[in-house]
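These notes concern the structure reproduced below.
What you see is a predicted model; the values in this text were computed from it and never measured.
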Amino acid sequence: MAHCIVPQAEEILDKEFSVLDKGFVRLIDYYGSDQRIVQAARVSYGDGTKTVSQDGALIDYLLRHQHTSPFEQVVFTFHLKMPIFVARQWVRHRMGRMNEVSGRYSIMKDEFYVPETSCISAQSKDNKQGRALESLPKSEAEKIQETFVKGQQESYSDYSKMVEDGLAREIARINLPLSLYTEFYWQMDLHNLFHFLKLRLDSHAQYEIREYAKVILEMVRKVCPLATASFENDMQNSVNFTGEEMEALRAVLNGKENPLSEKKLKRFQEKIATGIQL
């Protein structure tokens, strides 16, 4: 197999794409492309298809039927800068390989995330892990911003003084808040990256990590436009139904009563509503 060079991807290599107030995403390197996916798939049955439309159809078939190993032939390496609380969500995706700046060896920078007033909301009443859709009044949100900044400045001042006084860096960093920015290199194959994007682009994911996922999706599109189109169609913008829900759909389409219990019916209706919104 020849080395894959994608001109559109080459144009964005090593360029910083801003995220949040001080963060960024950089595509450091990529290995493979749409071409690599179809080359890997064709090993099973010879040369196979040749045209772009046939390549797209093959990629779509592979993704739709969860033949994922050809997608693992494509690998991305990113340089990311984000608040620590976002990074801790990030590392839950264990199939990635990560190397992060160390507060034991380095002096941490005086850089903290302060959310925009439009992103400051009360706790959601129907989502135990998220914020409400409506932002707090601007005056109230600005007071919260001031509280964030004050706490960040105090904690970094204490940190700096302890380091200057000779305290070990690995101890001095203990009180630094989760809003502190960190940086790391992160590598992941396309199969697992699509899984990451499906979860982190979802409306239920935290706003801050969604913003990073949006940028990464567009970078992946530069490298693998056909695979990205299939991802959006077959994974991101699709809805899956359970066996019970499929039986309920058949019943409703045949003019029969929906057999689902009240709790299951509510979840079923939410899925349908999501599908309509998509």
Side-chain angles (χ1 to χ4, degrees), residues 12-30 75-123 129-131 136 139-188 192-193 196 199-200 205-216 219:
I12 65 170
L13 278 181
D14 286 326
K15 292 184 178 179
E16 286 189 10
F17 290 80
S18 298
V19 188
L20 304 183
D21 57 347
K22 305 176 186 73
F24 63 71
V25 177
R26 292 170 60 216
L27 178 62
I28 298 300
D29 201 2
Y30 65 96
V75 180
F76 294 80
T77 302
F78 300 97
H79 177 195
L80 299 144
K81 179 179 178 181
M82 64 183 64
I84 289 175
F85 73 88
V86 178
R88 294 305 159 256
Q89 293 178 333
W90 209 278
V91 297
R92 293 180 61 82
H93 299 271
R94 296 184 297 277
M95 298 307 294
R97 292 161 291 280
M98 177 181 180
N99 191 42
E100 185 177 11
V101 64
S102 173
R104 297 183 67 196
Y105 302 109
S106 306
I107 300 296
M108 303 306 292
K109 297 177 182 178
D110 184 7
E111 293 183 317
F112 298 89
Y113 170 58
V114 180
E116 298 288 338
T117 55
S118 60
C119 299
I120 299 176
S121 307
Q123 178 66 42
Q129 62 181 3
R131 69 191 77 173
L136 292 174
S139 58
E140 187 175 345
E142 287 175 345
K143 289 180 181 178
I144 292 171
Q145 283 181 324
E146 292 172 3
T147 301
F148 284 150
V149 172
K150 181 181 178 181
Q152 293 163 355
Q153 290 175 340
E154 290 177 351
S155 67
Y156 193 82
S157 176
D158 291 340
Y159 164 75
S160 298
K161 187 176 186 308
M162 286 187 282
V163 170
E164 290 170 3
D165 289 345
L167 185 67
R169 290 187 290 270
E170 66 178 24
I171 301 174
R173 64 178 175 169
I174 289 174
N175 273 4
L176 290 173
L178 292 175
S179 57
L180 181 74
Y181 271 88
T182 186
E183 296 184 33
F184 56 91
Y185 271 40
W186 185 63
Q187 186 181 81
M188 183 175 270
N192 286 290
L193 187 53
F196 167 88
L199 294 177
R200 298 308 180 179
Q206 186 164 346
Y207 163 79
E208 284 79 9
I209 201 168
R210 289 205 314 269
E211 292 301 293
Y212 284 90
K214 289 176 184 176
V215 174
I216 288 178
M219 290 180 166

Compile the donor-acceptor pairs under 3.5 Å between side chains in residues 90-101 and protein atoms, sequence neighbours left out, one pair per line.
residue: H93; atom: NE2; partner: R200; partner atom: NE; Å: 3.0
residue: H93; atom: NE2; partner: R200; partner atom: NH2; Å: 3.4
residue: R97; atom: NE; partner: Q187; partner atom: OE1; Å: 2.9
residue: E100; atom: OE2; partner: R88; partner atom: NH2; Å: 3.4
residue: E100; atom: OE2; partner: T182; partner atom: OG1; Å: 2.6

For the residue pair [X] and [Y], establish whether any side-chain heavy-atom pair is separated by less than 4.5 Å.
{"X": "I216", "Y": "L193", "result": "yes"}
{"X": "Y30", "Y": "V75", "result": "no"}
{"X": "Q153", "Y": "V149", "result": "yes"}
{"X": "S179", "Y": "F148", "result": "no"}
{"X": "R131", "Y": "C119", "result": "yes"}
{"X": "Y113", "Y": "M82", "result": "no"}
{"X": "Y181", "Y": "V86", "result": "no"}

- Verify the neighbour count for atom CD of E116: are there more than 12 heavy atoms of other residues, nucleotides or ligands below 6.0 Å?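 Atom CD in E116 is not packed in, count stays at 12 or less.
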- Message: Heavy-atom count check: over 12 atoms from other residues, nucleotides or ligands less than 6.0 Å from Q129 CD?
- Response: no
- Message: Before we go on, tell me: are the rings of Y212 and W186 under 6.0 Å apart, centre to centre?
- Response: no
- Query: Under the salt bridge (charged side-chain N to carboxylate O under 4.0 Å, His left out) rule, what pairs show up with a residue in residues 149-166, not counting sequence neighbours?
  - Reply: K161-D165
- Query: Does a side-chain N-to-carboxylate-O contact under 4.0 Å join K81 and E16?
  - Reply: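 Looking at K81 and E16, the cut-off is not met.
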- Task: Look at K143 together with E146 and state whether they make a salt bridge at an N to O cut-off of under 4.0 Å.
- Result: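 Looking at E146 together with K143, the answer is no, because their closest N to O distance does not fall below 4.0 Å.
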Qualifying residues under side chain to side chain contact (heavy atoms under 4.5 Å, CB included), relative to [X], sequence neighbours excluded:
{"X": "N175", "answer": "none"}
{"X": "A122", "answer": "L136"}
{"X": "D29", "answer": "T77"}

- Could you tell me which residues satisfy ring-ring contact (aromatic ring centres under 6.0 Å, His included) with Y159, sequence neighbours excluded, listed by chain and number?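 Partners of Y159 under the ring-ring contact (aromatic ring centres under 6.0 Å, His included) test: Y156.
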Might you point out which heavy atoms bring [X] and [Y] nearest each other, and give the distance in Å?
{"X": "S155", "Y": "L176", "value": "O-CD2, 4.1 Å"}
{"X": "L13", "Y": "I28", "value": "CD2-O, 3.6 Å"}
{"X": "D110", "Y": "F112", "value": "OD1-CE1, 3.2 Å"}

- Hey, could you give me the CD/OG distance between E140 and S121, rounded to the nearest 0.5 Å? 10.5 Å
